[in-house]
Amino acid sequence: MNLEELNPSQREAVLCIDAPSLVIAGAGSGKTRVLTYKIAYLLEQGMQPWNILALTFTNKAAREMRERIATLVSPEKAASLWMGTFHSIFAKILRVEGHRLGFDQNYTIYDAADSASLIRLVIKEMNLDEKVYKPSAVQNRISAAKNRLVLPSGYASVREFRENDAYYHRTLMPEVYNHYEERLKQSNAMDFDDLLLNTWLLFKHNPEVAAHWQERFQFVLVDEYQDTNYAQHQIIKLLTDQRQRVCVVGDDAQSIYSFRGANIDNILHFCEAYPGTRLFKLERNYRSTQTIVNAAGSLIRNNREQISKSVFSEKEVGNPIALFSAYSDTDEANIILREVQRAHRAGIPYKGMAVLYRTNAQSRKIEDGFLQGRVPYHIYAGTSFYQREEIKDMLCYLRLSVNPYDEESLRRVINKPARGIGDTTVGKLFLEARAAGSTVWEALGTMKEQGAKGKEQGKASSFNAGTVSRLLAFYDMIASFHESSLTDDAYALALRIAKESGLEAHYFSGHDPDDISKQENFQEMLDGIGLFVQDNREQGLGISLSDYLQMASLATDFDRTNAEKDADQVNMMTIHSAKGLEFPVVFIAGLEEGLFPSEMSAEVPRELEEERRLFYVALTRAERQVVLTYAKSRFRNGRMEFSRPSRFIREIPQQFYKASQSASSPSQPRIEQRMKPLRLQNDAGGFAPPTRPFSPTNRATTSVQSSVSDDLKVGSAVVHERFGRGVVQALEGSGIDAKATVLFENAGTKVLMLRFAKLTLQ
């Protein structure tokens with residue numbers, strides 16, 4: 001091991017082994033190197049590997065650290081370290097000590113699905129309404145309690161829990177929590193949160209056990225300390241109070257998981273929890289250019305709750321940040337597609353690019369853009385828009401409404417949401433249809449006919465009366481949708497299907513983060529259908545549900561074929577999923593007030609600061625180039641809503657947006673200019689897309705909507721509310737048949753029916 005390989009700040013942090021230490025590691029500053037070298041140094045100083053405890057948040061991080069340590073010392077010593085995630089290490093301790101809490105060493109660990117299943121059973125046993133005591137909501141509430149070390153006996157004394165449960169009419173939550181814990185104990189099982197709670201209980205109420213493990217772990221190291229919750233912090237305190245030999249590494253500027261229980265106060269107030277702590281700051285960023293590092297630093301300095309630091313880069317100055325103002329979310333998706341294609345032509349592989357967004361629902365527009373441009377992509381740590389549960393459910397209803405003989409769609413939604421048609425009934429229905437040589441839809445039709453005759457002839461169905469009634473209600477509903485599909489436009493029918501099928505009420509009944517994400521996706525799908533109808537009407541194309549499904553099928557087919565391509569794909573993900581990753585080029589979409597920062601956090605200072613940290617994380621994923629986009633309008637809830645640029649854009653000094661000499665003119669480029677390929681920069685080796693420098697005073701060109709068709713000429717500059725700026729290439733027809741061919745800056749060529757098209761002269 002050669003400590004000279006470390007920079008001075010890293011080396012100081014490694015050599016401190018005689019006092020508590022807090023290592024603030026800025027983005028790309030080499031925190032993993034500090035942790036691995038520190039462990040190697042402890043071993044070199046004579047400490048035994050089994051006396052060192054290193055806690056991480058992911059198995060991947062633990063594995064990478066162990067591999068690095070093995071190259072510095074020896075594989076044998078690295079293998080003997082107590083190194084792993086909080087949950088895996090504490091599970092190991094509980095295998096040995098769990099009998100003191102009433103568990104034997106063969107206890108079972110329930111994952112999230114097991115836990116949800118048991119909660120559902122508890123709710124059923126207590127005769128509670130599952131619509132009120134929604135299993136996922138109950139599970140989240142119990143998890144929150146355990147992560148705050150709150151037992152069932154103390155649950156009701158927590159005001160926040162009490163008020164939340166009263167609001168959602170879940171007043172029996174303490175009893176549900178208690179019953180759930182009893183069932184876990186009876187099964188000799190623990191859920192993931194119990195691994196923390198029970199470890200704390202073990203140490204808190206068994207001083208001799210705590211003393212034994214304090215003696216075992218003579219030095220404790222914790223990675224990503226800004227992500228620890230209250231329970232994890234308290235367990236670390238119990239393990240290290242005697243020796244005070246603890247080193248935690250993290251970055252308060254990257255604390256973005258409060259919704260999972262992470263408590264930024266753990267790192268902000270670490271020095272108070274451990275008097276005599278030595279503070280080390282790793283401020284050199286090895287990842288990003290000076291422009292990116294300085295811009296991110298300027299942004300995060302707007303937060304009040306932070307540990308001050310001056311992060312710097314000694315890499316090249318690099319390209320300016322590219323900022324694109326889009327007329328709409330459709331225009332934004334087109335801009336991103338164009339810039340990705342431009343970067344790829346300039347030599348950047350697709351896998352070297354990432355598109356980041358605040359919410360999952362934003363992915364649809366961008367995915368559709370990539371679909372049209374045949375750009376390969378994959379959703380990192382997530383699911384493609386059209387493969388998400390709520391979207392597939394709605395798509396199946398739409399498909400069934402157009403084609404009632406679609407048995408796969410029928411099987412998926414006949415009892416979703418639950419309408420009392422269980423798996424046994426469905427299985428029997430399919431078997432009877434096969435035996436009769438008919439489709440399931442035909443079998444349901446026959447059942448309806450026989451039911452009508454049975455009233456006269458006294459014939460009995462093979463299903464009981466209640467089941468027949470439910471099956472025929474489903475049949476009548478789909479038949480009605482099918483009839484309407486022949487006349488109604490896709491959007492009008494989709495709204496009706498969402499409501500009458502019960503899907504809308506089903507997905508909008510919850511209030512947890514997962515529920516809200518599904519609601520956003522569901523609404524995004526409806527809005528997407530609305531935009532499809534609007535765009536196709538303007539272009540004189542089909543607007544039926546069948547027309548929409550033809551387009552959607554291309555997207556779902558692209559999902560499947562795209563997954564089979566090689567690894568050279570654009571990475572798409574939420575910013576939360578991007579933490580810990582890095583890419584040469586990063587696009588950050590949707591920088592608008594109400595979206596990023598989110599509407600719910602904008603007026604709450606502590607939450608707004610977390611939103612700013614989230615943007616900081618997004619910026620610092622980039623090595624060479626950042627591209628920011630925002631839309632002036634988005635189609636939401638069936639109408640166009642106008643947006644203001646995010647305050648975060650203004651918090652980055654304008655100097656970081658200025659174009660370098662190799663970029664286009666600082667003034668707004670013409671269409672021809674912006675369609676030129678990107679040019680490689682010899683000094684940075686990256687690319688600099690032409691961009692309009694940001695100024696808070698920039699405003700869109702205003703124009704008056706008058707009789708556009710009379711004033712329009714070939715060569716006229718026009719603006720469309722979704723496609724953006726364009727130039728008229730051709731005009732044909734007159735009156736209600738008048739059409740204009742327009743070359744749009746970002747959306748390409750469109751032929752528009754002027755009686756429907758929302759065009760203004762520029």
Side-chain angles (χ1 to χ4, degrees), residues 1-45 47-75 77-89 217-228 232-233 235-236 239-240 243-255 266-267 270 274 277-287 307 309 311 579-582:
M1 182 177 68
N2 181 10
L3 293 178
E4 294 305 313
E5 295 176 345
L6 306 174
N7 69 36
S9 299
Q10 292 172 334
R11 191 159 51 248
E12 283 185 42
V14 166
L15 294 175
C16 176
I17 59 174
D18 56 357
S21 57
L22 169 60
V23 181
I24 297 299
S29 63
K31 71 176 179 65
T32 304
R33 170 172 277 209
V34 167
L35 281 169
T36 54
Y37 270 75
K38 194 177 187 84
I39 292 170
Y41 182 69
L42 287 167
L43 294 171
E44 205 173 66
Q45 296 302 301
M47 187 169 287
Q48 297 301 322
W50 48 85
N51 293 138
I52 298 173
L53 171 64
L55 295 167
T56 67
F57 273 86
T58 67
N59 290 314
K60 179 184 176 184
R63 184 168 57 251
E64 289 177 354
M65 282 175 56
R66 195 184 296 275
E67 289 170 355
R68 290 198 198 184
I69 292 166
T71 65
L72 295 174
V73 286
S74 70
K77 285 187 176 181
S80 299
L81 291 164
W82 277 69
M83 178 180 289
T85 64
F86 282 88
H87 292 89
S88 66
I89 293 295
F217 300 134
Q218 296 178 18
F219 207 103
V220 177
L221 303 98
V222 187
D223 190 17
E224 304 283 13
Y225 204 70
Q226 77 279 352
D227 294 335
T228 54
Q232 290 161 332
H233 177 72
I235 295 169
I236 298 302
L239 281 172
T240 59
R243 281 192 170 80
Q244 301 268 304
R245 300 186 79 183
V246 56
C247 172
V248 303
V249 180
D251 183 7
D252 56 292
Q254 297 187 68
S255 179
N266 292 344
I267 193 167
F270 183 85
Y274 290 88
T277 291
R278 293 189 62 190
L279 175 63
F280 302 93
K281 298 178 182 179
L282 308 184
E283 296 174 311
R284 180 178 176 183
N285 181 301
Y286 288 89
R287 175 188 301 153
I307 297 171
K309 62 188 80 66
V311 180
K579 188 169 177 293
L581 304 177
E582 56 189 60

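Residue indices begin at 1 and follow the sequence shown.
Thr56 meets the side-chain hydrogen bond (donor to acceptor under 3.5 Å, both in side chains) test with no other residue; sequence neighbours excluded. Looking at residues two or more places apart in sequence or on another chain, you find a ring pair (Phe, Tyr, Trp, His ring centres under 6.0 Å) between Phe57 and Phe86. His233 meets the side-chain hydrogen bond (donor to acceptor under 3.5 Å, both in side chains) test with Tyr225; sequence neighbours excluded. Looking at residues two or more places apart in sequence or on another chain, you find a salt bridge (Lys or Arg N to Asp or Glu O under 4.0 Å) between Arg243 and Glu215. Every residue meeting the side chain to side chain contact (heavy atoms under 4.5 Å, CB included) condition with Asn59, not counting sequence neighbours, appears here in chain and number order: Arg63, Thr85. The ring pair (Phe, Tyr, Trp, His ring centres under 6.0 Å) check on Phe217 picks up Trp82, Trp213, with sequence neighbours excluded. With sequence neighbours left out, Arg66 forms a side chain to side chain contact (heavy atoms under 4.5 Å, CB included) with Ala78, Leu81, Met83. Remark: Leu3 pairs with Met1, Leu6, Arg11, Val14, Leu15, Tyr37, Tyr41 by the side chain to side chain contact (heavy atoms under 4.5 Å, CB included) rule, at least two apart or across chains. Checked against salt bridge (Lys or Arg N to Asp or Glu O under 4.0 Å), Glu582 has the following partners two or more places apart in sequence or in another chain: Arg287. For the side chain to side chain contact (heavy atoms under 4.5 Å, CB included) test, residues two or more places apart in sequence or in another chain that qualify with Ser9 are Asn7, Leu282.
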Under 3.5 Å donor-acceptor pairs involving side-chain atoms of residues 245-252, not counting sequence neighbours:
unit_1	atom_1	unit_2	atom_2	d
Arg245	NE	Ile17	O	3.4
Arg245	NH2	Ile17	O	3.3
Asp251	OD1	Ala253	N	3.0
Asp251	OD2	Gln254	NE2	3.0
Asp252	OD1	Lys309	NZ	3.1
Asp252	OD2	Ile307	N	3.0

Name the atoms and distances for all side-chain donor-acceptor pairs under 3.5 Å in residues 26-35, with sequence neighbours left out.
unit_1	atom_1	unit_2	atom_2	d
Ser29	OG	Gly26	N	3.2
Ser29	OG	Gly26	O	2.6
Lys31	NZ	Asp223	OD1	2.9
Lys31	NZ	Asp223	OD2	3.2
Lys31	NZ	Glu224	OE2	3.4
Arg33	NH1	Glu5	O	2.9

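The side-chain heavy atoms of Thr228 and Ile267, taken from C-beta on, include no pair separated by under 4.5 Å.
From Leu221, atom CG reaches atom CG of Leu55 across 8.5 Å, with rounding to the nearest 0.5 Å. Here the CD1-CG distance, from Ile236 to Leu53, works out to 6.5 Å after rounding to the nearest 0.5 Å. Atom CD of Glu12 sits about 7.0 Å away from atom CZ of Arg278, to the nearest 0.5 Å.
Looking at every heavy atom in both residues, Leu22 comes nearest to Thr277 through N-CG2, 3.8 Å. Taking both residues in full, the closest heavy atoms of Pro20 and Tyr274 are given as CB-CB, 4.0 Å, listed atom of the first, atom of the second, then distance. Nearest heavy-atom pair across Val23 and Ala13 is CG2-CB, 4.0 Å. When all heavy atoms of Met47 and Ile52 are compared, the closest pair comes out as SD-CG1, 3.6 Å. Minimum interatomic distance between Phe280 and Ser21 (heavy atoms only, all atoms of both residues): CE1-CB, 3.8 Å.
For Lys77 (side chain) and Ala40 (main-chain N/O), no donor-acceptor pair under 3.5 Å exists by modelled atom type.
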